[in-house]
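What follows is one structure encoded as structure tokens, with my remarks underneath.
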Amino acid sequence: MAGPAEPPYTAVLRFTAPTVEMTPYLGWLAGRVTAGGGRVLRHRVRDLAEAFDVAPTVVNATGLAAGRLAADPAVHPVRGHLVLVANPGLTTSVRDEDDPAGITYVHPRRHDVVLGGTYQPGVWDTGPDPATATAIRRRCVALVPELADAPVLGERIGLRPARHGGPRVAVEPAGPAGGRLVHAYGHGGAGVTLSWGCAAEVARLALDG
């Protein structure tokens, strides 16, 4: 629903959308795999051909490592910096995508609020940056004043696995060692948004033929 906004904004767009908290969500997904008879194994591979020692069909969802494993120079990191603060009772996410300093967003969760953020293509550094954290908090408090006294709980710095040209979801019928190889990587910061649709396509590619 679009509506008027107070200056300096010209419009406000409000909508209802599903959200997830990643730690419990990933645990739930892993539980579905094991409940369906699957196994979760942790093993480092130097080449995708090694994965065919375990199964005849392999899904390459290796994130940034896909640049090396799939010999894809389009894969690159996008550094993201977030600040976590205590939740003073917020239940609505707010975003300002026209902020010249970068996309500013406030995403409340059960026990904290995610404040962001940065989007730095090609930057591999995951070290903390106090000046960036201070700027993020300042922008978010200007957007949602209720956060002014919220205690800082921590920071998160990570690398989004992006790809020039967009995600790669495709099959190689004659993959390494003669197996069937399905690629699914390069989703950047939209992994959750795209996950169900891409998963359906990956399943189709993996099971067809």
Side-chain angles (χ1 to χ4, degrees), residues 18-82 84 109-112 114 116-128 154-209:
T19 62
V20 295
E21 293 191 26
M22 288 311 301
T23 299
Y25 178 57
L26 290 174
W28 176 78
L29 288 176
R32 292 195 65 185
V33 171
T34 55
R39 293 184 299 156
V40 178
L41 305 175
R42 295 176 63 91
H43 180 68
R44 185 181 297 274
V45 297
R46 294 166 295 180
D47 189 283
L48 288 175
E50 297 177 31
F52 288 94
D53 294 336
V54 179
T57 298
V58 171
V59 177
N60 171 30
T62 54
L64 283 174
R68 175 177 58 84
L69 292 171
D72 188 343
V75 176
H76 65 281
V78 176
R79 183 181 186 274
H81 191 152
L82 308 173
L84 305 179
R109 303 190 295 188
R110 287 176 297 173
H111 306 299
D112 59 13
V114 178
T118 65
Y119 192 90
Q120 300 170 283
V123 178
W124 287 91
D125 181 20
T126 58
E155 298 177 46
R156 298 290 184 271
I157 299 100
L159 304 178
R160 305 175 180 96
R163 180 176 182 270
H164 298 299
R168 183 186 183 191
V169 180
V171 65
E172 289 187 24
R180 188 175 184 84
L181 175 62
V182 180
H183 294 291
Y185 61 84
H187 299 79
V192 175
T193 303
L194 301 176
S195 61
W196 284 88
C198 285
E201 178 65 5
V202 166
R204 186 188 68 78
L205 294 173
L207 298 174
D208 281 358

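It should be emphasised that the depicted structure is a prediction, and the values quoted were computed from it without experimental measurement.
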Report the C-alpha separation of Val169 and His187 in whole Å, then their side-chain angles, then the decisive distance to 0.1 Å, and conclude whether the side chain to side chain contact (heavy atoms under 4.5 Å, CB included) test is met. CA-CA 10 Å; Val169 180; His187 299 79; 4.2 Å; yes
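- Judged by distance alone, the side chain of Arg180 and the main-chain N or O of Leu207 form no donor-acceptor pair under 3.5 Å.
- Interatomic distance, Ile157 CD1 to Gln120 CD, rounded to the nearest 0.5 Å: 10.0 Å.
- Minimum interatomic distance between Arg46 and Leu69 (heavy atoms only, all atoms of both residues): O-CD2, 3.7 Å.
- A distance of 9.0 Å separates NE2 in His76 from CG in Leu64, rounded to the nearest 0.5 Å.
- The two residues Gly116 and Leu82 have their closest heavy-atom pair at CA-CD2, 4.1 Å.
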Decide yes or no on side chain to side chain contact (heavy atoms under 4.5 Å, CB included) for Arg109 and Leu84, but give the supporting numbers first. CA-CA 10 Å; Arg109 303 190 295 188; Leu84 305 179; 3.9 Å; yes
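- Between Asn60 and Ala70, the shortest heavy-atom distance links the atoms ND2-CB, 3.9 Å.
- Residues Val75 and Gly63 come closest through the heavy atom pair CG1-O, 4.2 Å.
- Proximity of a side-chain donor or acceptor of Arg79 to a complementary backbone N or O of Asp125 within less than 3.5 Å is detected.
- Between Pro24 and Arg110, the shortest heavy-atom contact is CG-NH2, 3.9 Å.
- Contact check for Arg156 versus Val114: no side-chain heavy atoms found under the 4.5 Å cut-off.
- Using a 30° and 60° split on the angle between ring planes, His183 and Tyr185 fall in the perpendicular class, above 60°.
- For the atom pair CZ of Arg168 and CG of Asp72, the computed distance is 6.0 Å after rounding to the nearest 0.5 Å.
- The environment of Trp196 atom CH2 is sparse: at most 12 non-hydrogen atoms of other residues, nucleotides or ligands sit within 6.0 angstrom.
- Nearest heavy atoms, Tyr25 versus Ser195: OH-OG, 4.5 Å.
- When each of Val58, Leu205, Val59 is checked for a side chain to side chain contact (heavy atoms under 4.5 Å, CB included) with Leu181, only Val58 meets the rule.
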